[in-house]
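Here it is, the structure, as structure tokens.
Each chain gets a letter, A, B and so on, in the order the sequences are listed, and its residues count up from 1.
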There are 2 protein chains.
Amino acid sequence: MIRQSLWAMALLVATTAGAQRAWFASERDTWLREAAESIPPLTERIETPVGLVESVRDTGAFQGWRMIPAGDMDSLYGHSFKERKEVIVDFGRHMTGYFSFDIGRLSADADAPLRFRLTFAEVPAELNTPFDPYPGGLSRAWLQDEVVTVMDAPATVELSRRVAFRYVKIELLAWSSFDFAVTGMRFRSVTSASGEPKPLASTADPTIVRINRIGLATLAECMQTVYEDGPKRDRRLWIGDLYLESLANTYSFRNHGLTRRCLYLLAALADEEGLLHATVFEYPEPHPQTGQHCMDYSLLYGVTLYEYLNATGDRATAEALWPVVVRQVEHAMTYLRDDVYDMEKQPAWWLVFDWKDDLNRHAPMQGLMTFAIEQSYELAKLLGRESEVAGWPRIVSRMKAASRRVFYDRLEGVVVSGPDRQRSYLGQVWMILSGTLSPREGERALRTVLADPDACYPGSPYAYHYLIEAMIRCGMNDEARRRLTEYWGGMAALGADTFWEVYDPTDHFKSPYNFFPVNSYCHAWSCTPVYFINKYADIFQK
Amino acid sequence: MIRQSLWAMALLVATTAGAQRAWFASERDTWLREAAESIPPLTERIETPVGLVESVRDTGAFQGWRMIPAGDMDSLYGHSFKERKEVIVDFGRHMTGYFSFDIGRLSADADAPLRFRLTFAEVPAELNTPFDPYPGGLSRAWLQDEVVTVMDAPATVELSRRVAFRYVKIELLAWSSFDFAVTGMRFRSVTSASGEPKPLASTADPTIVRINRIGLATLAECMQTVYEDGPKRDRRLWIGDLYLESLANTYSFRNHGLTRRCLYLLAALADEEGLLHATVFEYPEPHPQTGQHCMDYSLLYGVTLYEYLNATGDRATAEALWPVVVRQVEHAMTYLRDDVYDMEKQPAWWLVFDWKDDLNRHAPMQGLMTFAIEQSYELAKLLGRESEVAGWPRIVSRMKAASRRVFYDRLEGVVVSGPDRQRSYLGQVWMILSGTLSPREGERALRTVLADPDACYPGSPYAYHYLIEAMIRCGMNDEARRRLTEYWGGMAALGADTFWEVYDPTDHFKSPYNFFPVNSYCHAWSCTPVYFINKYADIFQK
């Protein structure tokens, strides 16, 4: 109550940007403390490998490689590793955490250090594609190969680097006259996901069951001390990933403390104008990616807080962070010109939306902004604070009207965007989710782009999420189920243990980074089948 | 007193090998405890680099490379390392310990891990010779290059591996869009050497002063929790190195606790027959190189204990370990046939003596054994235990007589060894040190091989030590000084910070391991100028 009145007071007084800045600064420490107090405990489990495998070329397999069994662990342990020199070990599922193994004595005493290269892989092709010379566009250090020198033996070798993997290849790089065994492999897996999600209905299709299971694994792996975007890469909190992960969490683990932590952390690390950073880091101490703002992500923060309040009833958090939502929306509103988001206004922020350079983002942005303001207003109503933002409903109405004027080709029944009047899936999607198009209009628009091979289609699971949601909104339930089953089921059929950052059924080697091994193969924004399957049981579990 | 009478009792009772074994086994824990209690404290110092250097080709320099100054540390710190990508830093002297540096923020927040290769070098050529493909005969992992991944920044990077070096090269292997500086380099140097050795006489030649300084550095670097043979490689206690290092220590640091520890450790880790192992390891727990026995080293153990007692007056230790000396001598005596060491008797142990495959070791072994028994008998006298080994003087006499018959070519005045009657420096040396040849005979014998280009000359500083000692024994003081000045001074003139494991003035690339970068360039057995210069001040400091 004290905080609430402080804010009310602050709002009254803070007619200048300076005062607003001062208020945000004054809250920062409190929010950081709240974020720290919500750090979830990590569940640790000691895992052991299931067996040895070999990579075999298979043009039918994902990225051309598949693993075949190559013996049990006893065929490694207790035998000379000096003779073998290389092994691939399968831990049976995707894991995130800390790897260790033992160097056991076989013959004579160790008289020199050993050296190994350990390569951790989420998918088989990572072990069959030379990393150097590295052609990729992100730091090569994301690739999970480590060189370790072991000075004495017998020894326990424990890697300090946290890795995310299913397969580990161990290569012997240096040895001496004595023989030894590689033995005692174990992995301390970590996740903050806990509890047992509700089982699906017995009527659920086996493919749906499988997709749900893989989605849960993806989510659990990304749930660490923040919602990470990927446990292999980039291991950080993004607002967009937080939104989708927290939705999936609500319909599975219900570990809402993690959502609370992330909401506070983002708020605490907003810039001095109170504007959220799109991504923040926990280490070496909590800090934002300075200057990294994304307008679509910033607006989704309010939607996330709204969903969080709905799921938890935690009014205290929603009250505390409500001003942050207001700040983002009001800032976005400065980008409106004649009720349309102005793509020319500077500074032009990055609009994420999808991994698609060719996507014209104007219509999607207009739609998302409308959607976000409307959802944020719903949050205001839950908090009894409509009066603070009394102008929002009128702005939403005007934006919708403008959208229909500017972006909607009434004749063709399709949303167009940009000077070339691009027809994109996401253009339709966001005009549907915002209610700018009626369900009937939305269905027609979607069917139009679905039938148009030249339409700009989604390039990432992140974008696919919104497509499925829009289909459901339009009552295209069968289409939604088919699409989900095809897209995520496609990954499942290719042997995915967790869902991938990038999946294009027509191009297994697609990479936004010019090197597919550096793609993340366990990526938060791909976990949302968990949300759909469990929220819309009547559609997906029937 | 109790221990002494126990041993006397044990000797009386132990008429069988079994009883002797039982007695050794019963002492093992006590000796291990004594060894543990004598672990010396390590003096730690935080060292900082002196500047940047560049390698330049120079055919006149040792191994073809020398370092030239390339800027002060400020020209590295605070500047973009992403632009530079590689640097060589000079710490100004040889150091042993733990390296760390900081990753400082320059621009933007770190959004990805970095990767570095760090290569530590004792001599410039180690940074200018590709390590791979590795042609060497010892584990490649001795080479001090480490690859480190730094997940977050800013960061402090601390290598857990102990390294021995003067120069470190840092190469950037992986980076991202953000810029950063490599800064805050520091080194936690460790040594158990403490105290200030006595300064040399003001009359001492500058070359002698320099040799003494380098020898002290070599010794101090090898003085860790045992006398190591080399802090880069092999980092372990050998009896032969212990003998020379403890001699040098007696005439410099006088940290006798370390000698005591090593004597106990070797005793505790003898095999079940009470026979010493030539080398022992401290990690993961104290243990010997099982089965690694060297007859010359085993016999030098008693000589080392004798010198230790002389230097310290520590009778308790000498009393406790005396039976170990007896055991080694008695075992060696089983190798005598007609008073000559039998090279055919099995098991034939390794006889170290020198890094020279072509050295015939028969005469050297006969001489060393005679010397060692005589010195061990001197130890018995100091302890009042001559009666226990009353037969030894007669055996020594008979061995000397046999040596003169078998190995001494009276006509030529030279010691010969083996079926090809090899004339080696070491053959003369050991017959001199054992007193088998008179000083006058010794001088003649030495001058004969010195003048003979086909004589088998010393291949290592270890062998050189005994040559210098033998020269002094024969009164060839000028020759000893000249030889020491030439040999060790040769290394000094080539820029040695510490004396090398291998030095052949005619071949800078000589390596017993087929790859000169894996040679140790700070090696215990090369530190003995410290002993000579300080013990024989009248010869070396005049």
Which bit of Asp111(B) is near chain A, if near means a heavy-atom gap under 4.5 Å: side chain, backbone, both or neither? both
Applying a strict 4.5 Å limit to non-hydrogen atoms, the region of Trp175(B) in contact with chain A is backbone
Only heavy atoms, only distances under 4.5 angstrom. Which residues in residues 265-277 of chain B are near chain A?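 Checking residues 265-277 of chain B against chain A gives no residue, so none.
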Looking only at heavy atoms, what is the nearest atom pair of Asp102(B) and Gly184(B), with distance? OD2-CA, 3.9 Å
With a 4.5 angstrom heavy-atom cut-off, could you sort out which part of Arg236(B) is near chain A: side chain, backbone, both or neither?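 Contact with chain A: side chain only.
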Are Thr119(A) and Glu126(A) close enough that some pair of their side-chain heavy atoms sits under 4.5 Å apart?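 No, every pair of side-chain atoms sits at 4.5 Å or beyond.
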Heavy atoms under 4.5 Å from chain A: which residues of residues 280-297 of chain B carry them? Phe281(B), Tyr283(B), Pro284(B), His287(B), Pro288(B), Gln289(B), Thr290(B)
Check: Lys169(B) side chain, Leu127(B) main-chain N or O, donor-acceptor pair, under 3.5 Å: yes
With a 4.5 Å cut-off on heavy-atom pairs, point out which of Asp132(A), Asp145(A), Thr279(A), Leu143(A) contacts chain B the most. Asp145(A)
Given heavy-atom pairs under 4.5 angstrom as the criterion, report whether the side chain, backbone, both or neither of Arg233(B) touches chain A.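 Nothing of Arg233(B), per the 4.5 Å heavy-atom cut-off to chain A.
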Can you tell which of Trp238(B), Tyr227(B), Tyr462(B), Trp500(B) makes a ring pair (Phe, Tyr, Trp, His ring centres under 6.0 Å) with Trp525(B)?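 Looking at Trp238(B), Tyr227(B), Tyr462(B), Trp500(B), the match for Trp525(B) under the ring pair (Phe, Tyr, Trp, His ring centres under 6.0 Å) is Tyr462(B).
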Stepwise ring pair (Phe, Tyr, Trp, His ring centres under 6.0 Å) test for Phe120(B) and Phe99(B): CA-CA 10 Å; Phe120(B) 297 86; Phe99(B) 179 73; 5.3 Å; yes
Under the criterion side-chain contact (heavy atoms from CB on, under 4.5 Å), which of Leu173(B), Val157(B), Leu114(B), Ile170(B) is the partner of Val148(B)?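 The side-chain contact (heavy atoms from CB on, under 4.5 Å) with Val148(B) is passed solely by Val157(B) among Leu173(B), Val157(B), Leu114(B), Ile170(B).
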Best-contacting candidate, Gly137(A), Pro154(A), Ala108(A), Ala155(A), against chain B by heavy atom pairs under 4.5 angstrom: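 Looking at each option in turn, the highest pair count goes to Pro154(A).
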State, yes or no, whether a side-chain contact exists between Arg162(A) and Met151(B) at a heavy-atom distance under 4.5 Å. no
Closest non-hydrogen atoms of Ala141(A) and Pro113(B), given as atom of the first, atom of the second and distance, are CB-O, 3.5 Å
Ignoring hydrogens, what is the shortest heavy-atom contact between Val87(B) and Phe81(B)? Give both atom names and the distance.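 That closest heavy-atom pairing would be CG1-CE1, 3.8 Å.
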Locate the shortest heavy-atom distance separating Gly104(A) from Thr183(A); write the atom from each residue and the value. N-CG2, 4.0 Å
Partner of Phe187(B) under ring pair (Phe, Tyr, Trp, His ring centres under 6.0 Å), chosen from Tyr98(B), Phe165(B), Phe101(B):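 That would be Phe165(B); it is the only one of Tyr98(B), Phe165(B), Phe101(B) passing the ring pair (Phe, Tyr, Trp, His ring centres under 6.0 Å) with Phe187(B).
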For Thr96(A), does its backbone N or O pair with a side-chain atom of Glu221(A) as donor and acceptor, under 3.5 Å? yes
